[in-house]
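I have placed the structure first, in the form of structure tokens, so that the comments after it can refer back to it.
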Amino acid sequence: EDQVTQSPEALRLQEGESSSLNCSYTVSGLRGLFWYRQDPGKGPEFLFTLYSAGEEKEKERLKATLTKKESFLHITAPKPEDSATYLCAVQARSSNTGKLIFGQGTTLQVKP
Amino acid sequence: GAVVSQHPSWVICKSGTSVKIECRSLDFQATTMFWYRQFPKQSLMLMATSNEGSKATYEQGVEKDKFLINHASLTLSTLTVTSAHPEDSSFYICSARGPSGRALGSYEQYFGPGTRLTVT
């Protein structure tokens, strides 16, 4: 069964304190792994797509990496505005609709 | 680019009435749209996959007669909650599948801002 597990469930950081969020997955053939950011009361905002092991993508203070079993979202010198829930999702090659399988998310709080 | 809108952003209705939620892709055509439901402090739960010009595919446990989905055009899908009850109160989010612009054929989904439904 295709599955995504994110850890930790919640993370509190001081401003400037770098850390990483983990997304472990099992899927029968990975078409893509996606990272989204969701603010309270809003829809998820697309961040990154990763396709194959070894791939990395960066956007401002965020960097996403991918291995054959997991992905990391590294946050460098976070600011309070980075506080949000970060969602990881995978898309299986077997899906012809592009269905996403989501993890439970990591809620990040960055204190000034 | 890749903007998805939803209307209304919030709605309050009385038990027994029906509510329609619209999802539009504003700057791209979406042959496939998805409808999700999200409970407080939980992740997204896929309800159904909507394909333009054909019947929606519902996930196991989702009542298709209660949650009617119509994907009438390449930019519009609607979700109608029929005979709503308080337990249908939730945050409903749609997404639209972007064009397959990658060599490996990955389909990115772009999400709307969500609709908060409260049934009294």
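The structure displayed is predicted, hence computed values, not measured ones. Order of the sequence lines sets the chain letters (A, B, ...), proteins ahead of strands, with each chain counted from 1.
Across Ser43(B) and Leu87(A), no two heavy atoms sit closer than the pair OG-CD2, 3.9 Å. For the residue pair Gln109(B) and Tyr36(A), the shortest heavy atom distance occurs at O-OH, 2.5 Å.
Here the straight-line distance linking atom CD1 of Ile93(B) with atom CD of Gln38(A) works out to 5.0 Å at 0.5 Å rounding. Note that CD of Gln91(A) and CZ of Arg97(B) are 8.0 Å apart. Values are rounded to the nearest 0.5 Å.
Note: the hydrophobic cluster containing Val81(B) also contains Val62(B) (ILVMFWY, side chain heavy atoms under 4.5 Å, direct or indirect links). Taking hydrophobic clusters as Ile, Leu, Val, Met, Phe, Trp and Tyr residues chained together by side-chain heavy-atom distances below 4.5 Å, Leu76(B) does not share a cluster with Phe34(B). Cluster membership for Leu47(A) and Val90(A), using ILVMFWY side-chain heavy atoms within less than 4.5 angstrom, is shared.
For Gln6(B), no part sits under 4.5 Å from any heavy atom of chain A, backbone or side chain.
A 6.0 Å sphere centred on CD of Glu9(A) holds no more than 12 heavy atoms belonging to other residues, nucleotides or ligands. Residue Arg12(A) qualifies as open at atom CZ: its count of foreign heavy atoms under 6.0 Å is 12 or below. Around atom NZ of Lys66(B), more than 12 heavy atoms belonging to other residues, nucleotides or ligands sit under 6.0 Å away.
Ranking Met45(B), Glu59(B), Gln42(B) against chain A, the residue ahead of the rest is Glu59(B), based on heavy-atom pairs under 4.5 Å. Contact count versus chain A (heavy atoms, under 4.5 Å) is highest, among Trp10(B), Phe91(B), Tyr36(B), for Phe91(B).
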